[in-house]
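The shown structure was predicted, so the numbers you read here are calculated from the model rather than taken from an experiment. First the proteins, then the strands, lettered A, B, ... as listed; each starts at 1.
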Protein chains: 2
Amino acid sequence: MRKGEATRGRIIDCAARLAAVRGLTAVSLGDVADAVGLSKSGLFKHFESKDAMQMAVVEAVMERFGEIVWKPAETHPPGRGRLEAVFEHWLHWCENEWAESGCPIMQLTTELDDQPGPPREYLHMGLGMFRAAVIREFQALRDPPLTEAEAKAAYFQMRSFILGLSEARRMMGDGDAERSARAAFEALLDRTARSAAA
Amino acid sequence: MRKGEATRGRIIDCAARLAAVRGLTAVSLGDVADAVGLSKSGLFKHFESKDAMQMAVVEAVMERFGEIVWKPAETHPPGRGRLEAVFEHWLHWCENEWAESGCPIMQLTTELDDQPGPPREYLHMGLGMFRAAVIREFQALRDPPLTEAEAKAAYFQMRSFILGLSEARRMMGDGDAERSARAAFEALLDRTARSAAA
DNA sequence: ACAGAAAGTGAACGATCGTGCTCTTTCTGG
DNA sequence: CCAGAAAGAGCACGATCGTTCACTTTCTGT
């Protein structure tokens, strides 16, 4: 049972990239089968249904996100350095790791935000854990620590700049977007770190 | 030829709200026909194809966006007051006008950003004109005027906060998101207005 | 009020959707 | 190396997709 796992991985990868472009629901099993070079019925040896495959895609994307964006930042000391590492890897995730298709998390979020079910729940949970972790880092940015409200507000802006970058570059074709996002984030760190306590 | 235009409007409205929830491609003609209370074939008396209907939806959404977000702000004097009016109406557009479905422009953007064709072009043009107009307002925010690069960077952040608000409230269920967005925008105006010239 | 146009229905089409079935090929543990 | 399991192909199914066409109902200009 070794070869099976390899193809299962290839299926998920192809499905994820197609879903990042066209959306999870818009990708048919025929599309995935063609992309991975299998027959439609062959897919059912790896997933019991289309829903199960979609769920596997969501899980794989979130796991990979943690692996690429959060995990390498953990090697940095808490505080500003770690926040900068997270942001830098987040940019890399959006602009390089998913350069052709765009960030699948943004696609999945807008697609699933009003569609109840396990995929939405999983996405919600993953994003929530990431958000909580980054908020903790923001709190450690200053002495005395930021209040939770201040840190949440800072995360709101950080996440906003990532979303803004995706739209600016992918829809508006703004080549300066990455620079704008980076500058906005650095300025956010500056004024957050040196702000007085409430 | 009076009744026809009315139903055509109802069709577009229903289709737009369905598309804001599930995406443009994911909405079938059967869905629209049911929602508006017509037969599938009846739709073809108002649109020659599904593509034409989708194009009409995009046009209607963008026109309504201009009507609700930009036009009322024109009554305010240029500068900070007008920018605040635009942002306030933009929030209203996202949070009230499309409360149940979420902003259709954000949905359409993530759906069409890597799907060439007339709908994408129309969306790109509409967003580009709006962006250029808001950038002009940012330039008028200070004396001497902001450079174009400074104004573009400010618009980038403004747009980012709107996108951040949508995700925070719709996916994360963050009730404070609207307050966060407003506070972030006011702070952006403050530091932009009193920044020194380059 | 009446004729012609517009609006809308219902059935049917070919294509594609997700899924189950049987059958063959390929792998892998003992 | 061989038997059993896993991986995959091919076909067929009912449902739904977008679209067309012939037909009926409803509106509207004169």
message = How would you summarise protein contacts on nucleotides 11-22 of chain D per nucleotide, using B for base, S for sugar-phosphate only and - for none, with heavy-atom distances below 4.0 Å?
response = ------SBBBB-

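The two atoms that bring Lys152(A) and Ile135(A) nearest to each other are CG-CD1, 3.5 Å, heavy atoms only. For Phe138(B) against Ala151(B), the heavy-atom pair with the smallest separation is CB-CB, 3.9 Å. Closest of all the heavy-atom pairs between Gly79(B) and Leu141(B) is C-CD1, 4.2 Å.
Regarding Leu43(A), its CG atom lies at a distance of 9 Å from the P atom of dA9(D), rounded to whole Å. Computed from coordinates, the Glu5(A) CD to dT28(C) C1' distance equals 14 Å when rounded to whole Å. Summarising the geometry, the separation between CG on Leu38(B) and P on dT26(D) is reported as 14 Å, rounded to the nearest angstrom.
Applying salt bridge (Lys or Arg N to Asp or Glu O under 4.0 Å) to Glu137(A) and the options Arg131(A), Arg82(A), Arg80(A) leaves one that passes, Arg82(A).
No more than 12 heavy atoms of other residues, nucleotides or ligands shown are found within 6.0 angstrom of CD on Glu63(B).
Every residue was checked against the ring-ring contact (aromatic ring centres under 6.0 Å, His included) condition with Phe44(A), not counting sequence neighbours, and none meets it.
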task = Test Phe185(B) against Phe87(B) for ring pair (Phe, Tyr, Trp, His ring centres under 6.0 Å), laying out the working first.
result = CA-CA 8 Å; Phe185(B) 180 65; Phe87(B) 193 78; 4.0 Å; yes

request  = Apply the test ring pair (Phe, Tyr, Trp, His ring centres under 6.0 Å) to residues Phe130(A) and Phe65(A): give CA-CA distance (whole Å), side-chain angles for both, the deciding distance (0.1 Å), then the verdict.
outcome  = CA-CA 10 Å; Phe130(A) 176 75; Phe65(A) 178 75; 4.9 Å; yes

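Contacts between residues 9-18 of chain B and DNA chain D, defined by a heavy-atom separation under 4.0 Å, are absent.
At the phosphate of dG8(C), OP1 or OP2 sits under 4.0 Å from a side-chain N or O atom of His46(B).
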